[in-house]
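First up is the structure itself, then whatever we jot down about it.
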Number of protein chains: 2
Amino acid sequence: VPKGSHKLMKQFDQETLLQPLGNGRYGGQLYPSFNIGSNPNGGYLMALGASALRQLHPNHPDPLSITAHYLRPGVGDAPCEVATSLLRSGKTVSTARATLLQEGKERIEILAAFGDLANTTDVPLHIDAPSIPSPEECIGRSGEAQGVSLGILDRLEIRLNPDEARPGALGKGQISGWVRFRDGRPPDAMAALLFSDALPPAIFGLLGLVGWVPTIELTVHVRRKPAPGWIQAQFKTHDMADSRMIEDGLLWDSQGSLIAQSRQLALLLKKP
Amino acid sequence: VPKGSHKLMKQFDQETLLQPLGNGRYGGQLYPSFNIGSNPNGGYLMALGASALRQLHPNHPDPLSITAHYLRPGVGDAPCEVATSLLRSGKTVSTARATLLQEGKERIEILAAFGDLANTTDVPLHIDAPSIPSPEECIGRSGEAQGVSLGILDRLEIRLNPDEARPGALGKGQISGWVRFRDGRPPDAMAALLFSDALPPAIFGLLGLVGWVPTIELTVHVRRKPAPGWIQAQFKTHDMADSRMIEDGLLWDSQGSLIAQSRQLALLLKKP
């Protein structure tokens, strides 16, 4: 990246920028811009790992399947390093792992398959976007409502379906709405990783504001490149056993095309 | 394992048995018992990796979240080695990765979180088992019908819902039925990994017998220990773009309790 070009880049690109250090290692800075409370958002950490992995093969820039396990919280205003290891590179898929480190400690571990979504044309089976109120009719996500500071709202505009955004509104573990970058950056495959963990936990719609919901593991399958505009999002939790729950996510672009599916295993830690 | 005790073990336990070799490495044999055609089943390969990972922490024997990426087909009648690396061990979750090698080549790569499912009692959200014909009313899966030898049917009894088992029967990408071990071994968390990849691809119900469907990546979340008896299974493919498709799976035990969710990204390779 030539000097001075940072000023031309959009915020998310600047804040996931990594420089090769040799031997599969990449270095950069983890910004507090995507914090939830005092912790960096899990989707942002995944995007940082992906920012290194997409450099491993020139023809495989897109995460087809990416799984992150969250070992320790990230540090939202400190340098980071991503150590990658290319496991196999085929014609259409490269498989690799990555470890995001800060202050000498492993923060997340990633296993992923990368490829090229450029020419997705044949779509024989498709999950349709549900009809929800338009972005203008939805409620802006606000940090104050949850008593935690949401730095991520400086970067993302998030609108929530008013039918679900109130605690217990529909009596089901579902939340939907819209998300886009505040600085006008168009969505892409990398953004899909961030957006897959950007809405409030779906369980809040059922139980209200119940506490901290740390992610154990998040897997995102990016299905195609999105068209410009708002991304429509839907997250559901229909399976909770003990304190462990599954949250399933779907993202569609402004044309109604499915661009990603996600699933995470999270813990529900009750308020003390 | 004391000498001679093999004879008391059930087949699946014998055929996923690994001995510690030191430095996180485990050695054993990959049997052809779970072959689909000439390739070992992907769920069996995952179970072999899990057989090593569950030995890393005495209190964390159960795969809570396990992701396998398939790099090369396994060799169904050759020694195997599993190299593990424990990434972090907490009170309730241990995170680790594993590489299954044969003939010096990496076959699958695994990233997983293990814990203890022994005391799953509080289940506030639950996905109910759909009503399908009983095992006696279902159709036994047969290898001949697909023109490939299904060694896996020597180990597993698989009964398919007759409403879906004929090509195009319901015009949707769904297949359901029942599965159990032929030798009476009760199901457990390890069996859930095998069973998550044991039915014919869900897409066969929509398109008929369309060719080879290699798995790029499979993730299984085991949700609770199953009760003895038949396992009810359901797999759906509602999302296919170009030749890449997502298959979602659900497994329930004989009491109707959800025991696992799975998702895989697979390629649909058309018949030549």
Side-chain angles (χ1 to χ4, degrees), chain A residues 64-72 85 87-88 90 92-93 95-97 99 105-106 109-113 115 117 119-128 172-173 203 206-207 216-217 219 221 223-224 237-246 248 250 257-259 261 263-265 267-268, chain B residues 64-72 85 87-88 90 92-93 95-97 99 105-106 109-113 115 117 119-128 172-173 203 206-207 216-219 221 223-224 237-246 248 250 257-258 261 263-265 267-268:
Chain A
L64 306 180
S65 164
I66 179 165
T67 293
H69 281 247
Y70 295 84
L71 307 173
R72 295 176 188 86
S85 179
L87 301 170
R88 186 173 183 275
T92 57
V93 173
T95 308
R97 58 186 191 214
T99 310
K105 286 188 178 167
E106 299 169 355
E109 178 78 11
I110 290 177
L111 179 59
L117 292 168
N119 300 310
T120 303
T121 51
D122 180 34
V123 184
L125 286 171
H126 180 259
I127 300 171
D128 290 330
K172 56 182 178 179
I203 198 72
L206 182 67
L207 302 179
I216 297 173
E217 170 264 329
T219 294
H221 294 101
R223 307 296 293 145
R224 61 191 301 172
T237 290
H238 290 169
D239 173 11
M240 180 159 58
D242 289 338
S243 59
R244 292 179 299 267
M245 61 188 195
I246 302 272
D248 282 329
L250 295 165
S257 294
L258 182 74
I259 63 152
Q261 292 204 51
R263 177 171 286 171
Q264 67 171 269
L265 178 67
L267 289 175
L268 180 63
Chain B
L64 306 180
S65 163
I66 179 165
T67 294
H69 282 247
Y70 295 83
L71 307 173
R72 294 176 188 86
S85 178
L87 300 170
R88 185 172 182 276
T92 56
V93 173
T95 308
R97 60 186 189 213
T99 309
K105 286 189 177 168
E106 299 169 355
E109 177 77 11
I110 290 178
L111 179 57
L117 292 168
N119 300 308
T120 303
T121 51
D122 181 33
V123 184
L125 287 171
H126 179 260
I127 300 172
D128 291 329
K172 55 183 177 179
I203 199 72
L206 182 66
L207 301 180
I216 297 174
E217 171 263 330
L218 169 64
T219 294
H221 293 101
R223 307 296 294 144
R224 62 189 304 174
T237 289
H238 290 170
D239 173 10
M240 180 159 59
D242 288 338
S243 58
R244 293 179 298 268
M245 62 188 194
I246 303 271
D248 283 328
L250 295 165
S257 295
L258 182 74
Q261 293 204 50
R263 175 171 288 170
Q264 67 170 267
L265 178 66
L267 289 176
L268 179 63

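Throughout, a chain's letter reflects where its sequence line sits, starting with A, and its residues are numbered from 1.
- Contacts between E217(A) and chain B at a heavy-atom distance below 4.5 Å involve the side chain alone, from C-beta outward.
- Considering CE of M245(A) and NE2 of H221(B), their distance stands at 12.0 Å, rounded to 0.5 Å.
- Remark: side-chain polar atoms of D242(A) are paired, donor with acceptor, to backbone N or O of D122(B) under 3.5 angstrom.
- Two residues are said to be in side-chain contact when any heavy atoms from C-beta on lie closer than 4.5 Å; I203(B) and L125(A) meet this criterion.
- Residue R224(A) does not touch chain B at all, counting heavy-atom pairs closer than 4.5 Å.
- For D128(A), no part lies under 4.5 angstrom from a heavy atom of chain B.
- For S85(A), the side-chain contact (heavy atoms from CB on, under 4.5 Å) partners at least two apart in sequence or on another chain are L87(A), R97(A).
- For the set T237(B), T120(B), L117(B), the entry with the most heavy-atom pairs within less than 4.5 Å of chain A is T120(B).
- Options T99(B), T92(B), V93(B), T121(B) differ in how many heavy-atom pairs under 4.5 Å they form with chain A, and the most are formed by T121(B).
- Partners of S243(B) by side-chain contact (heavy atoms from CB on, under 4.5 Å), not counting sequence neighbours, listed by chain and number: L267(B).
- Heavy atoms closer than 4.5 Å to chain A are found in both the backbone and the side chain of L71(B).
- Note: S65(B) OG to R263(A) CZ = 10.5 Å, rounded to the nearest 0.5 Å.
- With rounding to the nearest 0.5 Å, the separation of CG in D239(B) from CD1 in I127(A) is 5.0 Å.
- Note that CD1 of I246(A) is 5.0 Å distant from CD of Q261(B), once rounded to the nearest 0.5 Å.
- Considering CG of L64(B) and CD1 of I216(A), their distance stands at 6.5 Å, rounded to 0.5 Å.
- Under the 3.5 Å distance criterion, the side-chain polar atoms of R88(B) are left unmatched by any main-chain donor or acceptor of Y70(A).
- How far NE2 of H69(B) is from CG of L111(A): 4.0 Å, rounded to the nearest 0.5 Å.
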